[in-house]
Student: 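Starting off with a structure, shown below.
Labels below follow one simple rule: chain letters A, B, ... track the order of the sequence lines, proteins then strands, and each chain is numbered from 1.
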Amino acid sequence: MSEGVSVRQNPLMRWSEFFIPTLREDPADAEVVSHRLLLRAGLVRQLSAGIYSYLPLAQRVILKIEQILREEMNRIGGQEFYLPALNPREIWEETGRWTGMGDNMFRLKDRKGADLCLGMTHEEVFTAIARHELRSYKELPQVWYQIQVKFRDEARPKSGVLRVRQFIMKDAYSFDIDQAGLDRSFQNQRDAYRRIFDRCGLKYTIVAASSGAMGGSASSEFMVKTDAGEDMIATCTACDYAANLEKATSRLREIKDGIGLVEPVEFPTPQVRTIEDLTHFPGGAAADQQIKTLVYVVEANLGSMFVLALLRGDHQLHETKLADALHGAEIRPAHAEEIFNLLGANAGSLGGVGAKQKARERGQEIRILADNALRGRRNMTTGANRDDYHLRGVNISRDIPVDQWVDLRVVSSGEGCPQCNGMLEVSKALEIGHIFKLGTKYSESMGARVLNQEGKEVPVVMGSYGIGVERILASAIELHHDDDGIIWPKTIAPFDCVVTVTNVKQPEMREAGERLYKSLQLAGLDVLLDDRDERAGVKFKDADLIGIPYRITVGKKIMDEVVELFDRRAKRSEDVRLSEIVSRVQALALAGL
RNA sequence: CGGGGCGUGGCUCAGCCUGGUAGAGCGCUCGGUUCGGGACCGAGAGGUCGGAGGUUCAAAUCCUCUCGCCCCGACCA
């Protein structure tokens with residue numbers, strides 16, 4: 001268990017004095033399970049949208065989680081720092097993220113009018129330290145971490161503590177001399193992460209993911225499957241393939257196209273606006289025989305440009321995949337007027353055939369990206385860039401000048417696994433950790449260089465590794481609860497056990513409870529003594545609600561030197577002799593998960 | 001940012017449509033009876049009805065504006 005956790009020394013563990021404001025009724029604003037139970041069990045209170053106060057019970061859980069984080073980070077050579085949350089604009093300018101982070105960054109000015117921001121993550125600050133202090137390959141590798149509050153001005157805070165504007169993050173960064181070093185550091189972190197989440201009692205999946213605005217590669221997310229999550233992941237039911245939907249691919253049944261026509265033939269399709277329409281239209285085509293044409297605008301520093309994204313008619317575009325294919329550029333769907341000005345037709349009648357020339361006549365350039373599923377397809381139907389007309393007999397390689405073949409489509413449940421003969425399953429998931437290789441993106445932009453063995457100055461190779469502390473807490477609840485309340489994993493429970501005195505007005509019971517409480521504490525356990533002057537039913541309900549793994553009930557049987565041991569998870573209780581209860585609970589509580 | 005919903009004692013909500021002295025349950029305080037799965041009886045305390053402006057003899061209720069919170073979407077290391 002978590003030896004040496006300082007909270008064990010806290011003498012104030014009498015429920016009558018401990019602040020645990022439980023709620024009898026469900027709070028109206030809480031939708032997701034963890035949010036509801038965090039409020040009801042008296043762990044958190046909301047201060048504002050996406051801003052929560054953690055009450056003593058939650059703080060105990062957080063301290064235990066942080067202790068596990070520290071132990072596992074230290075075990076792989078991590079050194080703990082504590083960095084400022086308040087950052088000057090300059091370092092964020094250096095990496096281009098002052099603007100890159102957009103509205104998600106909290107910004108403020110000091111009395112002199114200088115720009116500051118609240119840190120969203122700490123690559124900049126750590127790299128600023130590294131560039132001043134690291135001079136030689138002999139000083140590498142370094143693994144630096146901290147457990148600190150992060151600020152993000154989320155467009156829509158929600159789901160209790162799952163998406164918030166201020167939260168605690170364990171973020172670690174590795175500094176190596178070369179790629180091989182980074183690979184080792186990365187693997188160490190990955191192993192540490194597995195131990196951390198295992199110890200916290202979470203069932204998780206590691207998925208390949210997009211690196212997004214952070215830049216980098218080998219992006220791996222640690223995901224907990226739960227409907228409270230906001231990500232979608234695809235996992236194979238047969239092998240270990242797992243990927244975020246923004247990255248997932250799948251095996252499709254092969255389609256045999258006919259020979260087709262010598263060249264595309266235009267035909268009238270009045271009122272046809274959608275793929276669906278065309279499947280019903282006489283002389284139309286099945287959805288998987290159509291090419292879907294989407295127009296996107298790529299917003300770049302030097303003006304914008306247009307991109308056509310081509311997909312099979314029955315496939316959906318994943319915008320992140322498109323953005324990734326364009327090197328993480330900012331993209332948005334083109335407006336209706338933009339489309340008409342570009343191709344002379346409206347959405348619903350667009351196609352890749354002749355699109356480049358048409359745009360060029362209008363002084364515009366188009367880049368065409370086609371989804372891999374369209375590769376080699378013939379005899380397809382698509383819009384003619386003329387309202388109410390389509391083309392049939394389109395042979396893609398012959399008729400459409402594709403600039404880039406990429407994976408753009410959203411995979412769905414039931415499709416084939418790209419790694420084996422198994423089948424993919426798409427589920428909702430919550431991201432609790434994210435590790436990736438940054439490479440030299442930050443060390444180059446911020447000038448963090450050291451001399452290598454040949455005396456040559458090279459940029460430090462970095463990795464970035466983050467864990468959301470509240471998300472561990474919340475996903476533990478999402479994963480472990482029942483109708484009565486939370487069922488904490490033993491390793492992060494706020495208390496190992498609760499001693500419930502059914503009637504404190506009976507001196508024998510009260511005194512026995514006190515003695516038991518002290519012996520359990522002496523045995524090294526976190527014990528909560530429910531010495532409140534309440535009816536037994538109220539105490540049982542509360543104990544269930546706050547989810548303490550073991551409850552020791554001191555009732556009438558105390559006259560026979562017998563107490564009850566109740567297992568919160570199994571919902572079973574048994575009589576135990578008073579003389580044996582301490583060693584019994586000690587064995588159970590310290591047994592690990 | 002777009003769409004929807006909600007702001008009334010600490011909590012959950014009714015009252016608003018159709019303007020006329022602000023309510024219930026839970027919680028809280030005191031007294032009593034109870035005492036192993038959210039007890040019962042009695043007596044109490046507690047509310048600028050989110051805020052501002054307007055209409056009216058009169059506004060929780062109608063109108064305008066505004067703030068906040070929740071949900072869906074967009075967005076999201």
Side-chain angles (χ1 to χ4, degrees), chain A residues 21-32 35-36 39-40 42 45-51 92 95 97 100-105 119-124 150-160 162-165 167 169-173 209-216 219-221 229-231 244 246 319-320 323 328 330-333 430-436 438 441-442 463-468 471 483-485 500-506 509 530 532-545 551 553-558 563-564 566 571 573 575:
Chain A
T22 58
L23 266 28
R24 187 183 288 244
E25 288 173 274
D26 275 340
D29 282 343
E31 292 263 319
V32 302
H35 188 200
R36 207 183 76 228
L39 288 166
R40 274 200 66 199
R45 285 297 182 262
Q46 185 178 46
L47 185 60
S48 180
I51 304 177
W92 290 82
T95 57
R97 297 209 293 179
M101 287 301 190
D103 289 337
N104 263 18
M105 185 182 254
M120 305 174 68
T121 171
H122 280 77
E123 279 82 1
E124 278 80 359
K150 299 284 191 275
F151 296 91
R152 290 182 195 178
D153 194 359
E154 292 291 344
R156 182 150 99 84
K158 60 173 183 174
S159 306
L162 293 181
R163 179 152 224 91
V164 287
R165 297 195 287 175
F167 58 97
M169 180 191 265
K170 186 290 300 173
D171 50 325
Y173 306 86
S210 162
S211 312
M214 296 297 297
S219 174
S220 303
E221 292 169 335
E230 303 180 284
D231 282 282
N244 191 304
E246 66 196 22
E319 289 198 354
T320 307
E330 285 279 308
I331 58 166
R332 63 165 173 85
L430 174 68
E431 178 186 352
I432 51 173
H434 196 169
I435 58 177
F436 47 98
L438 290 174
K441 177 180 157 114
Y442 293 89
S464 168
Y465 320 93
I467 286 179
R471 285 188 173 183
D483 288 346
D484 293 320
T500 300
V501 178
T502 56
N503 188 346
V504 292
K505 287 190 184 127
Q506 301 253 323
M509 288 189 203
D530 194 349
R532 292 176 299 168
D533 184 11
E534 288 286 354
R535 297 167 64 85
V538 171
K539 297 187 179 194
F540 294 158
K541 287 285 183 193
D542 270 344
D544 287 350
L545 181 59
R551 184 183 80 215
T553 309
V554 179
K556 290 193 197 106
K557 287 176 247 177
I558 195 66
V563 293
E564 252 168 57
F566 177 78
K571 283 182 136 171
S573 66
D575 287 350

Student: Who is the Watson-Crick or G-U wobble partner of B:rC30, with both distances under 3.5 Å?
Tutor: B:rG42
Student: Determine the Euclidean distance between corresponding C1' atoms of B:rC49 and B:rC16; express it in Å to zero decimal places.
Tutor: 11 Å
Student: Can you tell me the base-pairing partner of B:rU48? Count Watson-Crick or G-U wobble geometry only, both distances below 3.5 Å, and say none if there is no partner.
Tutor: none
Student: Counting Watson-Crick and G-U wobble pairs only, both distances under 3.5 Å, name the nucleotide matched with B:rA59, or none.
Tutor: none
Student: Give the rounded distance in Å between these two atoms: CG of A:Leu162 and P of B:rC75.
Tutor: 20 Å
Student: Give me the distance, rounded to whole Å, that separates B:rA45 from B:rA24 when you measure between the P atoms they each carry.
Tutor: 13 Å
Student: For atom P, what is the distance between B:rU61 and B:rU21, given to the nearest Å?
Tutor: 13 Å
Student: Could you tell me how far B:rU64 sits from B:rG23 if I compare only their C1' atoms? Round to whole Å.
Tutor: 29 Å
Student: Can you tell me, in whole Å, how much space there is between the P of B:rC41 and that of B:rC26?
Tutor: 9 Å
Student: Step by step, work out the side-chain contact (heavy atoms from CB on, under 4.5 Å) result for A:Arg471 and A:Arg163.
Tutor: CA-CA 9 Å; A:Arg471 285 188 173 183; A:Arg163 179 152 224 91; 3.5 Å; yes
Student: What's the CD-C1' distance between A:Glu25 and B:rG27, to the nearest Å?
Tutor: 9 Å
Student: Taking the nucleotide of RNA chain B with the nearest heavy atom to each, does A:Ala30 or A:Phe566 sit closer to the 5' end?
Tutor: A:Phe566
Student: Send over the distance from A:Ile51 CD1 to B:rC70 P, rounded to a whole Å.
Tutor: 10 Å
Student: Search all heavy atoms of A:Asp575 against all heavy atoms of A:Lys557 and return the closest pair with its distance.
Tutor: OD1-NZ, 2.9 Å
Student: In the structure shown, which nucleotide is the Watson-Crick or G-U wobble counterpart of B:rG23, with both distances under 3.5 Å?
Tutor: B:rC13
Student: How would you label the contact of A:Lys505 with the nucleic acid (heavy atoms, under 4.0 Å): base, sugar-phosphate, or nothing?
Tutor: base
Student: Under the 6.0 Å and 45° cation-pi test, does A:Arg551 pair with A:Phe540?
Tutor: yes
Student: Return the 5'-most residue of the pair A:Glu230, A:Gly160 with respect to RNA chain B, ranking by each residue's nearest nucleotide.
Tutor: A:Gly160
Student: When you get a sec, tell me which of B:rG38, B:rC69, B:rC71 is the closest nucleotide to the side chain of A:Lys158?
Tutor: B:rC71
Student: Rounded to whole angstroms, how far apart are CG on A:Leu23 and C1' on B:rG10?
Tutor: 9 Å
Student: Heavy atoms only, 4.0 Å cut-off, all strands: where does A:Ala28 land among base, sugar-phosphate and nothing?
Tutor: sugar-phosphate
Student: Considering every strand shown, what is the Watson-Crick or G-U wobble mate of B:rG37 when both distances are under 3.5 Å?
Tutor: none
Student: Report the nucleotide, chosen from B:rC69, B:rU12, B:rG36, that has the shortest atom-to-atom distance to any side-chain atom of A:Ser48.
Tutor: B:rC69
Student: Pick one: which of A:His35, A:Glu31, A:Glu230 meets side-chain contact (heavy atoms from CB on, under 4.5 Å) with A:Lys158?
Tutor: A:Glu230
Student: Where the side chain of A:Glu564 is defined as all heavy atoms beyond and including C-beta, which of B:rG73, B:rC69, B:rG36 is the nearest nucleotide?
Tutor: B:rG36
Student: Expressed as a whole number of Å, how far does the C1' atom of B:rA74 sit from that of B:rU18?
Tutor: 41 Å
Student: Nearest-Å distance, CZ (A:Arg40) to C1' (B:rC26)?
Tutor: 12 Å
Student: Now, which nucleotide makes the Watson-Crick or G-U wobble pair with B:rC6, with each of the two distances under 3.5 Å?
Tutor: B:rG68
Student: In whole Å, I'd like the distance from the CG atom of A:Asp533 to the C1' atom of B:rC28.
Tutor: 15 Å
Student: Could you tell me if A:Glu123 and A:Thr95 have a donor-acceptor pair between their side chains, going purely by distance under 3.5 Å?
Tutor: no
Student: How far apart are the C-alpha atoms of A:Thr502 and A:Glu564, what are their side-chain angles, what is the distance that settles it, and do they pass the side-chain contact (heavy atoms from CB on, under 4.5 Å) test?
Tutor: CA-CA 11 Å; A:Thr502 56; A:Glu564 252 168 57; over 6 Å; no
Student: Minimum heavy-atom separation for A:Met509 and A:Gly555, please, with both atom names.
Tutor: CE-C, 3.7 Å
Student: Calculate the interatomic distance between A:Leu39 atom CG and B:rC69 atom P; express it in whole Å.
Tutor: 15 Å
Student: Look at the side chain of A:Asp542 and decide which nucleotide, out of B:rC35, B:rG38, B:rG36, has an atom nearest to it.
Tutor: B:rG38
Student: Determine the contact category for A:Glu124: base if any of its heavy atoms lies under 4.0 Å from a base atom, sugar-phosphate if only primed atoms, P, OP1 or OP2 are that close, otherwise nothing.
Tutor: nothing
Student: So what does A:Ser159 touch, heavy atoms closer than 4.0 Å: a base, only the sugar-phosphate, or nothing?
Tutor: sugar-phosphate
Student: Please test A:Lys170 against A:Tyr465 for side-chain contact (heavy atoms from CB on, under 4.5 Å), starting from the C-alpha separation and ending with a verdict.
Tutor: CA-CA 8 Å; A:Lys170 186 290 300 173; A:Tyr465 320 93; 4.2 Å; yes
Student: Within the structure shown, what part of the strands sits under 4.0 Å from A:Gly555 by heavy-atom distance: base, sugar-phosphate, or nothing?
Tutor: base
Student: Within the modelled atom types, does a donor on one side and an acceptor on the other bring the side chain of A:Arg24 and the base of B:rG37 under 3.5 Å apart?
Tutor: no
Student: Distance between the P atoms of B:rC70 and B:rU12, in whole angstroms?
Tutor: 13 Å
Student: To the side chain of A:Asn503, which of B:rC35, B:rC75, B:rG36 is closest?
Tutor: B:rC35
Student: Quick one: is B:rC70 close enough that its OP1 or OP2 comes under 4.0 Å of any side-chain N or O from A:Gln46?
Tutor: yes
Student: Using the P atom on both, measure B:rC13 against B:rC71 and round to a whole Å.
Tutor: 14 Å
Student: A:Leu545 CG to B:rG37 C1': how many Å, rounded?
Tutor: 13 Å
Student: Look at the side chain of A:Arg156 and decide which nucleotide, out of B:rG36, B:rG38, B:rG73, has an atom nearest to it.
Tutor: B:rG73
Student: Could you check which of B:rU34, B:rG37, B:rC76 has an atom nearest any side-chain atom of A:Arg551?
Tutor: B:rG37
